[in-house]
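I have placed the structure first, in the form of structure tokens, so that the comments after it can refer back to it.
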Amino acid sequence: MNNTEQVIKKTLPSKVERHKLFGSVNPGPRTKPVEKEQMADLQNSKKDFLFDIDAVGIANVKNPINISSNIKPLNQTTIGTFSFTSRIDKDSKGTNMSRFTEQLNEYYLNNYTIDIETLKIFTKDLATRLNQQDAQMEVCFPWFFERKGPSSELAGLNHANASIRVDFDQEKGHHVEVSLSGTITTLCPCSKEISEYSAHNQRGIVTMTANLSEEFDEREIDWKEALLEAAESNASARIHPVLKRPDEKMVTEQAYENPRFVEDIVRLVAADLYELPYVEKFSVYCKNEESIHLHDAVASLTYDKRQEAHV
Ligand SMILES: Nc1nc2c(ncn2[C@@H]2O[C@H](COP(=O)(O)OP(=O)(O)OP(=O)(O)O)[C@@H](O)[C@H]2O)c(=O)[nH]1
């Protein structure tokens with residue numbers, strides 16, 4: 001552009017005019033009440049609605065949460081994905097869905113930390129707020145933990161997906177289930193056995209779910225750390241965010257010295273969970289993302305210690 005040229009700018013209509021241009025219209029006549037007390041409350045209608053409902057509520061609610069950890073960072077803010085439900089009997093048309101997020105926000109404003117004890121209080125409060133006999137909630141969140149290279153000791157953050165589910169019932173009390181999905185390296189024993197050199201390996205995702213006994217004390221034990229250790233200590237090798245060459249050599253050799261089928265992983269992890277005195281019932285699922293196939297290899301098992309024979 002030289003000094004004599006001028007910029008010719010567009011003259012736009014106002015924002016209101018622009019909205020009209022694109023189809024917005026003026027509000028029509030308003031006939032329905034605007035006061036909450038005068039509004040229809042369909043969900044609170046009482047009639048015979050044919051069936052009880054086991055669980056009704058909301059899912060996929062995201063909210064920032066505080067968690068604590070036994071591995072650094074000791075206090076973390078992460079994202080929780082929640083679901084909240086309760087039963088309703090056949091005489092009620094619906095639940096009061098606003099109350100789930102209303103309560104979540106109250107806890108959030110009070111800067112609560114997500115732990116088992118708090119969630120037990122939360123579910124009991126929720127049942128009271130809903131005027132129901134029971135309430136259930138689940139929160140899933142990425143948990144971060146520091147991991148150092150085995151030789152260089154250079155640190156970085158790994159993460160695993162954790163979840164806590166709490167069921168509250170006025171008669172039965174609380175029932176707590178925790179879950180963790182951690183990632184490991186597995187090296188194929190068959191490939192190692194038959195090949196002149198090398199062995200294929202894969203990224204395995206181990207998902208462990210455990211029912212915790214009443215005696216479990218989260219002030220003494222971090223269940224996230226315990227479940228992660230059950231998965232990683234039985235792997236061919238652990239996963240690291242930072243690896244220098246001496247570290248890489250170590251994890252490569254360690255994996256070769258500890259080959260594992262997907263079946264081996266679920267059984268070995270199960271043995272560790274079995275040995276945790278505060279775990280009553282557990283399940284283990286492993287998915288190996290194969291490097292020589294497009295498909296995954298999977299295995300799972302469940303075990304309930306409470307069903308063991310007493311002699
Ligand atoms: N029960 C029910 N509510 C729904 C459903 N889908 C959306 N909602 C929403 O639930 C909200 C109303 O929640 P309520 O807690 O019943 O609201 P309220 O009666 O004003 O609140 P309270 O005074 O606490 O009883 C509305 O925003 C609805 O849109 C549904 O499938 N079932």
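Whatever order the structure lists them in is the order used to number ligands and atoms, beginning at 1.
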Can you confirm whether Glu214 is buried at CD, in the sense that more than 12 heavy atoms of other residues, nucleotides or ligands lie under 6.0 Å from that atom?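 Atom CD in Glu214 is not crowded, with 12 or fewer foreign heavy atoms closer than 6.0 Å.
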
ILVMFWY cluster membership beyond Tyr285 - transitive side-chain contacts under 4.5 angstrom: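 Direct or chained contacts put Tyr285 with Val298.
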
Hydrophobic cluster of Leu154, others only, ordered by chain and residue number, side-chain cut-off 4.5 Å: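 Leu154 shares its hydrophobic cluster with Val242.
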
Do Trp143 and Phe141 have ring centres separated by under 6.0 Å?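 Judged by ring-centre distance (under 6.0 Å), Trp143 and Phe141 do not meet the cut-off.
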
Using the test salt bridge (charged side-chain N to carboxylate O under 4.0 Å, His left out), find all partners of Glu102 that sit at least two apart in sequence or belong to another chain.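 Result, salt bridge (charged side-chain N to carboxylate O under 4.0 Å, His left out) vs Glu102: Arg129.
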
Measuring from each atom of ligand 1, which residues have a heavy atom under 4.0 Å away?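 Heavy-atom contacts below 4.0 Å: Lys36, Asp41, Gln43, Thr95, Asn96, Met97, Ser98, Arg99.
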
Within 45° cone of Phe82 ring axis and under 6.0 Å: Lys62 NZ or CZ: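 Ring-cation test returns no.
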
